[in-house]
Amino acid sequence: MSALKIKKGSTSHSAYDLRDPFAEVMETHTLAVLVDNEAGVLARVIGLFSGRGYNIESLTVAEVDHEGHRSRITVVTTGTAPVIEQIKAQLGRLVPVHDVHDLTVEGPSVERELALFKVSGAGEKRVEALRLADIFRANVVDSTLESFVFEITGTPEKIDAFAELMRPLGLVDVARTGVAALARGA
Amino acid sequence: MKMMEMRTMSRQMTGAKMVVQALKDQGVDVVFGYPGGAVLPIYDEIFQQNDIRHILVRHEQGAVHMAEGYARSTGKPGVVLVTSGPGATNAVTGMTDALLDSIPLVVLTGQVPTFMIGTDGFQEADTVGITRPCTKHNWLVKDTEKLSETIHQAFHVATRGRPGPVLVDIPKDVQFATGTYRGPREAVASHYQPKVKGDLAKITELVELIETAERPIFYTGGGVVNSGPGASQLLRELADATGFPVTSTLMGLGAYPASGKGWIGMLGMHGLYEANLAMHDCDLMINLGARFDDRITGRIADFSPKSKKAHVDIDPSSINKVIHVDLAITGDVGHVLEDLLKVWKSRGRKVNKEGLAKWWGQIEQWKLKKCLTYKNSDKVIKPQYALERLEALTKGRDRYITTEVGQHQMWAAQFLGFEAPNRWMTSGGLGTMGYGFPASIGVQIAHPDALVINVAGEASWLMNMQEMGTATQFRTPVKQFILNNERLGMVRQWQQLLHGERYSHSWSESLPDFVKLAEAFGWKGIQCKDPKDLDDAIMAMIEYDGPVLFDCLVEKHENCFPMIPSGKPHNEMLLGDASTEGAIQAGGAVLV
């Protein structure tokens, strides 16, 4: 393709380039997808994203209704406005999908992520890590003489910020759950 | 109490028996299949009954294409039964074909017993994993108690909304075990209920556009055929009452009759000049059950720049996927057309008569180009001539046409006229060479007395030629009309136009003697190379009571025109006598 000197993202020569040239602005959306918790349902959703070339920034999934066997998949995705619309339509036509909600456009919503940080160090750095953790309202869930494991909950931005601060203080490992989100109000 | 017990007792059965019972309860009369270790219990049940006919194929791909031919020509779902591992993987091409062309299929596959899944057992494959992206939905049934319900659900999903192939993977121990059978009515209602009625406010908006449009066009697709014969009837009524021109995609041919007064021919890459120019210049495009495929749109940026576009589709993901439309109506074409007609009639059946008259004047001008003109010859059979004669000699018969993929397919679409839906079976979306021959057998099984012709190229036809045995065994008198140019014609055409006339591997070497091949399978073989003999040869093919392999030797270097080169808009199409040099620029070369 490059040998033919076709501009990346060009629409004038490619029938396959489905992007609207006037909507090149990338948007980030949080989608909540309610699905039957049946075998392969997550593979179906992920396969749709990879097969059609969509992005997944984060993804969480768990059964939220044990009696009805329903799971809630929260997926944060990026794309131009037409691509986001297409993602929602494609998700909506999967047979085990009951509902697709775009929390980014359907009014205010809350987003939370949980992360665990392992920070190791001694002396002044160790004290500083504990002090910052307190400011971020992170809990210590494990501690040795050389390390802490912090538990922190918040928006992805808050967790990113905490990670930045921990890095020079001896950050060893991070585990993040991905975003869980709900619409505000009744 | 005793009676109750009896009834419950009788409903206990093995999984294998359930499969056959569920198929019967779903009204299935034919299954296309091939046995193997993991489906032996089901084959044992098939042996012990006479309600369902089993067509033994020679390769699982053939089974799926036959089921597609059956489904496309009847509107009922086609059913396939194959074994695990290679049986399932061989069915993948057919399922992908059915997915892209929205054909309802229920594919049942055997699987290794549940306790062996994941051990790389003999003939084990992750069938639901492999087929997840090429089915509308699929299931692995691990419990006999859930088997009957899953099969009923499979039929529901395959046929509701936008139809498509589904697969049920059944491990062998689930077939042997006993469980409770539940009939289709006892099955739990599925939440999968796609909306069929269109939004009335939007339909009214479309009527308003119809009332004032100066240059309207109906752009119809496979969705009209899939919606059922009622939708085709409503389309005819609406198009004839409004006097609007009608064009169709490859998949939609026959929904509006070729003899209808509004018909302006197929559109798209090898569509008619008048149809493509009308699409380019219209001011109101009404898309009924088509999906703005890249074969139709050409260059997106220049696609029909002056028109308001309305799109009726049962699949919301088809709307605004490729082309942004002004008015989207989600619903079944038949239901929407019914409401549309009602609203339009109740508002006084208005159209812009003056505008329409001018519009038709313009279309008549375009028709004068006679874009299908070709140079005939009295020495060699031109493929277009062969199809013109086939058309003339079979016209008036209720014939069914299938095709393979390539030049012959496009010529068949151009030169054959279709008067009714479900008479034209072709691989449109996936472009599967080898589709047409097995599909013709499937059509013939569904319509034993009909004239079924597969218009083929020799290269495509060879891809599933093993099904000759199936045709002989089940006495299907299918006619294989092979336009033999000893080339992969469409590939050769592209190499000529686009790759400096370097004909890399696009000829058919070591072809069989088709007449002898026919005789080897107990068929009739006919070879024809002289235009003078063609009519008699075609009549001999039609009149023969049995399968015929017709080897029609045609001009080897004929190109298929008109043609919109890849990456070009509709109004820059090439006609037969136009210069083709430099027609496709570098940008278009990356497209297929």
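Computed from a prediction, not measured in an experiment: that's the story for all the values here. First the proteins, then the strands, lettered A, B, ... as listed; each starts at 1.
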A:E124 CD: over 12 foreign heavy atoms closer than 6.0 Å: no
Which bit of A:Q90 comes within less than 4.5 Å of chain B, counting heavy atoms only: side chain, backbone, both or neither? both
Measuring from atom CG of A:L94 to atom OH of B:Y192, what distance do you get when rounded to the nearest 0.5 angstrom? 9.5 Å
Select one option (side chain, backbone, both, neither) describing which atoms of A:A43 are under 4.5 Å from chain B's heavy atoms. both
Got A:Q86 and B:S317 here, is their nearest side-chain heavy-atom distance under 4.5 Å? yes
If every non-hydrogen atom of B:H137 is compared with every non-hydrogen atom of A:P96, which pair is closest and at what distance? CE1-CD, 3.4 Å
Just checking B:K142: does its NZ atom have more than 12 heavy atoms from other residues, nucleotides or ligands closer to it than 6.0 angstrom? no
Within the supplied structure, the quantity of interest is the number of heavy atoms (other residues, nucleotides, ligands) at a distance under 6.0 Å from B:K195 NZ; does it exceed 12? yes
Highest number of heavy-atom pairs under 4.5 Å with chain B among A:G47, A:G51, A:G40 belongs to A:G40
Which bit of B:V157 is near chain A, if near means a heavy-atom gap under 4.5 Å: side chain, backbone, both or neither? side chain
What is the minimum heavy-atom distance between B:D315 and A:R93, and which atoms define it? OD2-NH1, 2.5 Å
Return the minimal non-hydrogen interatomic distance between A:R44 and B:N138, and the atom names on each side. NH2-OD1, 2.9 Å
Please look at B:L140 and chain A and tell me whether the side chain, the backbone, both or neither of the residue comes under 4.5 angstrom of a heavy atom of that chain. neither
